[in-house]
Amino acid sequence: MSESDPRPDDDPAAEQTSEQTAPAPPDPWKGLRGVMAGTLILEAIVVLLALPVVADVGGGVSWLSGTYLVGLAVVMVLGAGVQRKPWALPFNLGLQVLVIAGAFIHISIGVIGILFAIVWAFILILRNDVQRRMDLGVLPSQRTQPPS
């Protein structure tokens, strides 16, 4: 390197900018979105695992029941990827209604829907708790001073 070529690490202006720029605080909703996406994936797996139950106990899988269950599972997997959208939570709860309505195929599908509706009710409680803590400003990411 010649004398006229300054090295990037020797630039004092670059050091000042990196010291002045603080990292963005963590997003408290990111973890909750991950929980919701994971719950949808698990629910899709459970719905697909209900196919053998419907086939053996429910009198066989018809084109209607098979399409309904597989389509519902596919929509759940695709829905796991849209949890950043503002309409994601109503979408997730609407899927629960569809799973519970699956009781017309076999009662076990309705039971799956009720069990996962309980899980989604707990997720709503967690969501409300995060919102309450954000409003009070007591989340760790909202603290400006280190705890003493």
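Note: hydrogens, waters and symmetry copies are ignored here, and every other heavy atom, side chains too, is used. Position 1 is the first residue of the sequence, and the numbers go up from there.
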Non-hydrogen side-chain atoms of Met76 and Ile41 separated by less than 4.5 Å
no
Determine, step by step, whether His106 and Val57 satisfy the side-chain contact (heavy atoms from CB on, under 4.5 Å) criterion, reporting the C-alpha distance in whole Å, the side-chain angles of both residues, the deciding distance to 0.1 Å, and the verdict.
CA-CA 9 Å; His106 192 267; Val57 181; 3.8 Å; yes
Counting only pairs under 3.5 Å, give me each side-chain donor-acceptor contact of residues 109-121, with atom names and distances, residues two or more places apart or in other chains.
residue: Trp120; atom: NE1; partner: Glu43; partner atom: OE1; Å: 3.4

Do you see a donor-acceptor pair shorter than 3.5 Å between the side chains of Asn92 and Gln96?
no
Where at least one partner belongs to residues 53-62, residue pairs that pass salt bridge (charged side-chain N to carboxylate O under 4.0 Å, His left out), sequence neighbours excluded:
none
Tell me whether Trp87 at atom CH2 has more than 12 heavy atoms from other residues, nucleotides or ligands lying less than 6.0 Å away.
yes
Has the side chain of Thr67 got a donor or acceptor atom that lies under 3.5 Å from a matching backbone atom of Leu64?
no
Common cluster, Leu98/Leu69, ILVMFWY with side-chain heavy-atom separation under 4.5 Å
yes
Taking the side chain as C-beta and beyond, is there a heavy-atom pair between Val70 and Leu51 under 4.5 Å?
yes
Scan residues 27-59 for pairs that pass ring pair (Phe, Tyr, Trp, His ring centres under 6.0 Å), counting only residues two or more places apart or in two chains.
none
Sequence neighbours excluded, which residues qualify as ring-ring contact (aromatic ring centres under 6.0 Å, His included) partners of Phe104?
Tyr68
Quick check: is Val61 connected to Ile45 through a chain of hydrophobic side chains (ILVMFWY, heavy atoms under 4.5 Å apart)?
no
State plainly whether one hydrophobic cluster holds both Leu32 and Leu124, where clusters connect Ile, Leu, Val, Met, Phe, Trp and Tyr through side-chain heavy atoms under 4.5 angstrom apart.
yes
With Thr39, which residues qualify under side chain to side chain donor-acceptor pair (under 3.5 Å), at least two apart?
none
Can you confirm whether Leu40 sits close enough to Val77 that some side-chain heavy atom of one is under 4.5 Å from a side-chain heavy atom of the other?
no
Applying salt bridge (charged side-chain N to carboxylate O under 4.0 Å, His left out) as the test, list every pair that has at least one member in residues 108-130; sequence neighbours left out.
Asp129-Arg132, Asp129-Arg133
